[in-house]
**Q** 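Have a look at the structure that comes next, please.
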Amino acid sequence: MPATGPPTILFEVFWTQQKRKRLVEVALEGTELPPDDYPFYVTIGADGPLTPTALAELLTIPLSTVTFRVRRLERRGHAERIDNPSDGRSYLIRLTPDGRKLLNKARPRFRSYAEAVEARLGGPKTTALRESLLELRQALDEELAVNPSAPAARASPPASERRRAG
């Protein structure tokens with residue numbers, strides 16, 4: 001097999017994502033909160049109640065994934081659907097008291113790990129990485145937009161519109 005050169009930045013991101021996933025697993029050990037669902041609890045807890053569409057946009061994931069994952073939270077008794085006063089044809093998702101209690105237990109655990117990682121990097125490096133990751137997401141969005149075989153790409157929300165997940 002011929003050498004193809006050094007790993008691309010996208011492989012570096014993949015490897016980093018694998019480590020991030022493990023850190024979330026470790027942080028949430030001993031809670032009832034599955035690591036894959038943590039972003040849903042945080043986003044609904046911080047920004048909710050939300051429509052499924054708004055949740056999909058905030059997390060930049062497909063609406064079908066949101067509805068599937070929210071059903072898991074509902075089955076656990078951690079999320080519920082309520083009427084949308086702005087649109088009678090849709091609904092809002094909010095955490096139940098049990099869901100909020102679980103988030104309040106898990107969030108400090110995750111944040112302590114996340115803040116420890118940031119402390120290891122230092123403030124200036126953390127800021128530079130955050131800015132570089134935003135640039136990378138924008139470059140990915142641009143590449144997807146010019147590739148005619150790619151589904152329509154949505155730009156990542158600006159940092160000012162996103163909550164820190166944790």
Side-chain angles (χ1 to χ4, degrees), residues 10 13-14 16-18 20-21 23-25 27-28 31-115 117-118 126-127 129-166:
L10 297 182
V13 169
F14 169 77
T16 303
Q17 169 64 4
Q18 295 302 102
R20 183 216 56 89
K21 184 177 178 182
L23 186 125
V24 173
E25 290 169 353
L28 298 181
T31 71
E32 299 171 31
L33 203 157
D36 289 345
D37 290 341
Y38 182 68
F40 290 84
Y41 283 81
V42 170
T43 304
I44 295 167
D47 297 319
L50 296 164
T51 65
T53 301
L55 184 56
E57 289 173 359
L58 280 169
L59 294 175
T60 62
I61 59 175
L63 181 58
S64 59
T65 302
V66 166
T67 57
F68 171 77
R69 300 293 275 285
V70 166
R71 273 188 292 231
R72 290 176 16 170
L73 274 65
E74 289 174 317
R75 281 194 299 269
R76 287 186 210 117
H78 294 161
E80 62 188 352
R81 297 175 191 206
I82 58 172
D83 291 337
N84 183 347
S86 303
D87 183 353
R89 298 167 296 159
S90 72
Y91 59 92
L92 300 172
I93 303 158
R94 72 177 174 197
L95 293 180
T96 63
D98 285 346
R100 187 159 297 285
K101 181 179 175 183
L102 181 57
L103 176 60
N104 290 339
K105 177 181 177 184
R107 192 171 193 171
R109 295 173 63 142
F110 171 78
R111 284 197 66 87
S112 69
Y113 279 91
E115 289 170 356
V117 169
E118 290 184 8
T126 299
T127 299
L129 280 167
R130 189 172 283 118
E131 291 168 359
S132 294
L133 288 169
L134 177 59
E135 290 174 23
L136 176 60
R137 286 192 303 273
Q138 290 169 341
L140 290 166
D141 287 340
E142 290 167 9
E143 183 59 27
L144 289 169
V146 299
N147 182 345
S149 63
R154 271 197 287 242
S156 299
S160 62
E161 293 180 18
R162 285 180 277 118
R163 298 231 185 225
R164 289 182 60 193

**Q** Evaluate the side-chain proximity of Phe40 to Val66: yes if any heavy-atom separation is below 4.5 Å, no if none is.
**A**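 Of all side-chain heavy-atom pairs linking Phe40 with Val66, at least one is under 4.5 Å.
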
**Q** What are the two closest heavy atoms between Thr67 and Pro52, and how far apart are they?
**A**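 The answer is CG2-CB, 4.4 Å.
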
**Q** How many angstroms lie between atom OG1 of Thr96 and atom CG of Leu73, to the nearest 0.5 angstrom?
**A**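 One finds 8.5 Å between OG1 of Thr96 and CG of Leu73.
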
**Q** CD of Glu118 to OH of Tyr113: how many Å apart, nearest 0.5 Å?
**A**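 With rounding to 0.5 Å, CD (Glu118) is 15.5 Å from OH (Tyr113).
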
**Q** To the closest 0.5 Å, what do you measure between CG (Asp47) and CG (Leu55)?
**A**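 Nearest 0.5 Å value for the CG-CG distance: 9.0 Å.
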
**Q** What's the spacing between Leu23 CG and Gln18 CD if we round to 0.5 Å?
**A**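 Separation between the atoms: 13.0 Å.
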
**Q** State which residues pass salt bridge (Lys or Arg N to Asp or Glu O under 4.0 Å) with Arg81; sequence neighbours excluded, sorted by chain then number.
**A**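 Once residues adjacent in sequence are excluded, the partners of Arg81 under the salt bridge (Lys or Arg N to Asp or Glu O under 4.0 Å) criterion are Glu74.
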
**Q** So, do Glu131 and Thr127 sit near enough that their side-chain heavy atoms are less than 4.5 Å apart?
**A**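 With C-beta onward as the side chain, the pair touches.
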
**Q** With sequence neighbours excluded, tell me which residues meet salt bridge (Lys or Arg N to Asp or Glu O under 4.0 Å) with Arg100.
**A**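 Arg100 satisfies salt bridge (Lys or Arg N to Asp or Glu O under 4.0 Å) with no other residue.
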
**Q** Not counting sequence neighbours, which residues clear salt bridge (Lys or Arg N to Asp or Glu O under 4.0 Å) with Arg72? List them please.
**A**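 Applying salt bridge (Lys or Arg N to Asp or Glu O under 4.0 Å) to Arg72 gives Asp37.
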
**Q** Are the charged groups of Glu32 and Lys101 less than 4.0 angstrom apart, N to O?
**A**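 Not counted as a salt bridge, because no side-chain N and carboxylate O are separated by less than 4.0 Å.
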
**Q** How long is the gap from OG1 on Thr31 to CG on Leu102, to the nearest 0.5 Å?
**A**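 Between Thr31 OG1 and Leu102 CG, I get 5.5 Å after rounding to 0.5 Å.
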
**Q** Hey, is the main chain of Asp36 close enough, under 3.5 Å, to the side chain of Arg69 for a donor-acceptor pair?
**A**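 Judged by distance alone, yes, a pair lies under 3.5 Å.
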
**Q** Quick check: closest heavy atoms across Leu103 and Gly45, and the distance to 0.1 Å?
**A**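 That closest heavy-atom pairing would be CD2-CA, 4.0 Å.
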
**Q** Pick one: which of Asp141, Val146, Leu140 meets side-chain contact (heavy atoms from CB on, under 4.5 Å) with Glu143?
**A**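 Option passing the side-chain contact (heavy atoms from CB on, under 4.5 Å) with Glu143: Val146.
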
**Q** Measure across Thr51 and Ser90 and return the closest heavy-atom pair with its distance rounded to 0.1 Å.
**A**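 Between these two residues, the closest heavy atoms are CG2-OG, 4.3 Å.
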
**Q** If we ignore hydrogens and angles and just use 3.5 Å, is the side chain of Arg109 paired with the main-chain N or O of Ala27 as donor and acceptor?
**A**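 Checking the backbone N and O of Ala27 against the side chain of Arg109, a donor-acceptor pair under 3.5 Å is found.
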
**Q** Applying side chain to side chain donor-acceptor pair (under 3.5 Å), can you list everything that pairs with Asp83, at least two apart in sequence or on another chain?
**A**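 Partners of Asp83 by the side chain to side chain donor-acceptor pair (under 3.5 Å) criterion come out as none, since no residue qualifies.
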
**Q** Please find the pair of heavy atoms, one from Pro35 and one from Leu28, that lie closest to each other, and give the distance.
**A**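 Closest approach of Pro35 to Leu28: CA-CD1, 3.8 Å.
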
**Q** Rounded to the nearest 0.5 Å, what separation is found between the CG atom of Leu136 and the CG atom of Leu129?
**A**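 That separation rounds to 11.5 Å.
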
**Q** Tell me, do Leu50 and Ile93 make a side-chain contact under 4.5 Å, heavy atoms counted?
**A**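 In short, these two side chains do not touch, never coming nearer than 4.5 Å.
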
**Q** ring-ring contact (aromatic ring centres under 6.0 Å, His included): which pairs involve residues 44-85, sequence neighbours left out?
**A**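 Found Tyr41-His78.
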
**Q** Can you tell if the side chain of Arg130 reaches within under 4.5 Å of the side chain of Leu134, non-hydrogen atoms only?
**A**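 With C-beta onward as the side chain, the pair stays apart.
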
**Q** Below 4.5 Å, heavy atoms only, C-beta onward: do Asn84 and Pro49 meet side chain to side chain?
**A**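 Answer no - side chains too far apart.
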
**Q** Please collect all ring-ring contact (aromatic ring centres under 6.0 Å, His included) contacts where either partner lies in residues 86-107, sequence neighbours excluded, each pair once.
**A**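 ring-ring contact (aromatic ring centres under 6.0 Å, His included) check on residues 86-107 returns no pairs.
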
**Q** Would you indicate whether the side-chain heavy atoms of Leu59 and Thr65 approach each other to under 4.5 Å?
**A**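 Of all side-chain heavy-atom pairs linking Leu59 with Thr65, none is under 4.5 Å.
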
